[in-house]
Amino acid sequence: MRDLIHTSAAPGALALLGTGGAVWATNIIAFSLWYWEWDRGGPAARAQGVKSYPDFLFPQMQQEGIAEPGWEPSYPDYLYVAFTNACAFSPTDTMPLSVWAKLLMMTQSAVSLITVVLVVARAVGILQ
């Protein structure tokens, strides 16, 4: 991010896309790990049923018959949540229920939006 803002030399298109892509991918991976680790106390606590109320409401939790009984989200589910949140700048099919989940998703959307804006602004600056 710092390089996108402070580099005075005009980077090539591939370098610009590479930097923006790396920031965006890091955003998705970092937030997916946070979602996975913090939802209902983490994977071990979810498996043991320690916390009754989820922090994220997945579609499989809302309707019987669309997933096997006792379905629990795994890391790929949280990776999907992070990916769609970074693309759409909002939750898609999985809703945040707790305050921390809402704030974290809001932060992820802001980071993704800022990344896109900086890459586009830098690209426009290169074209001029």
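In this text the structure is predicted, and so the values were computed from the model without any measurement.
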Atom [atom1] in [X], atom [atom2] in [Y]: separation rounded to 0.5 Å?
{"X": "D77", "Y": "W36", "atom1": "CG", "atom2": "CH2", "answer": "12.0 Å"}
{"X": "I28", "Y": "L33", "atom1": "CD1", "atom2": "CG", "answer": "12.0 Å"}
{"X": "M61", "Y": "T94", "atom1": "CE", "atom2": "OG1", "answer": "9.0 Å"}
{"X": "Q62", "Y": "L57", "atom1": "CD", "atom2": "CG", "answer": "4.0 Å"}
{"X": "F83", "Y": "Q108", "atom1": "CZ", "atom2": "CD", "answer": "11.0 Å"}

Side-chain contact, heavy-atom cut-off 4.5 Å: [X] with [Y]?
{"X": "S32", "Y": "V81", "answer": "no"}
{"X": "S109", "Y": "F31", "answer": "no"}
{"X": "V23", "Y": "N27", "answer": "no"}
{"X": "W38", "Y": "L104", "answer": "yes"}

Can you hop from [X] to [Y] via hydrophobic side chains spaced under 4.5 Å?
{"X": "L97", "Y": "V50", "value": "no"}
{"X": "L79", "Y": "V111", "value": "no"}
{"X": "M106", "Y": "W24", "value": "no"}
{"X": "I29", "Y": "I114", "value": "no"}

message: Applying the ring pair (Phe, Tyr, Trp, His ring centres under 6.0 Å) criterion to Y35, which one of Y78, Y80, F56, W100 satisfies it?
response: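 Only match with Y35 under ring pair (Phe, Tyr, Trp, His ring centres under 6.0 Å): F56.
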Taking all non-hydrogen atoms of both residues into account, name the closest pair between [X] and [Y] and its distance.
{"X": "G20", "Y": "T115", "answer": "O-CG2, 3.9 Å"}
{"X": "I66", "Y": "P59", "answer": "CD1-O, 3.3 Å"}
{"X": "P96", "Y": "K102", "answer": "O-CE, 3.5 Å"}

Partner of E72 under side chain to side chain donor-acceptor pair (under 3.5 Å), chosen from Q60, R46, R40: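 Exactly one option meets the side chain to side chain donor-acceptor pair (under 3.5 Å) with E72, and it is R40.
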message: Test your reading of the model: is there a side-chain donor-acceptor pair from D55 to the backbone of A101, 3.5 Å cut-off?
response: no
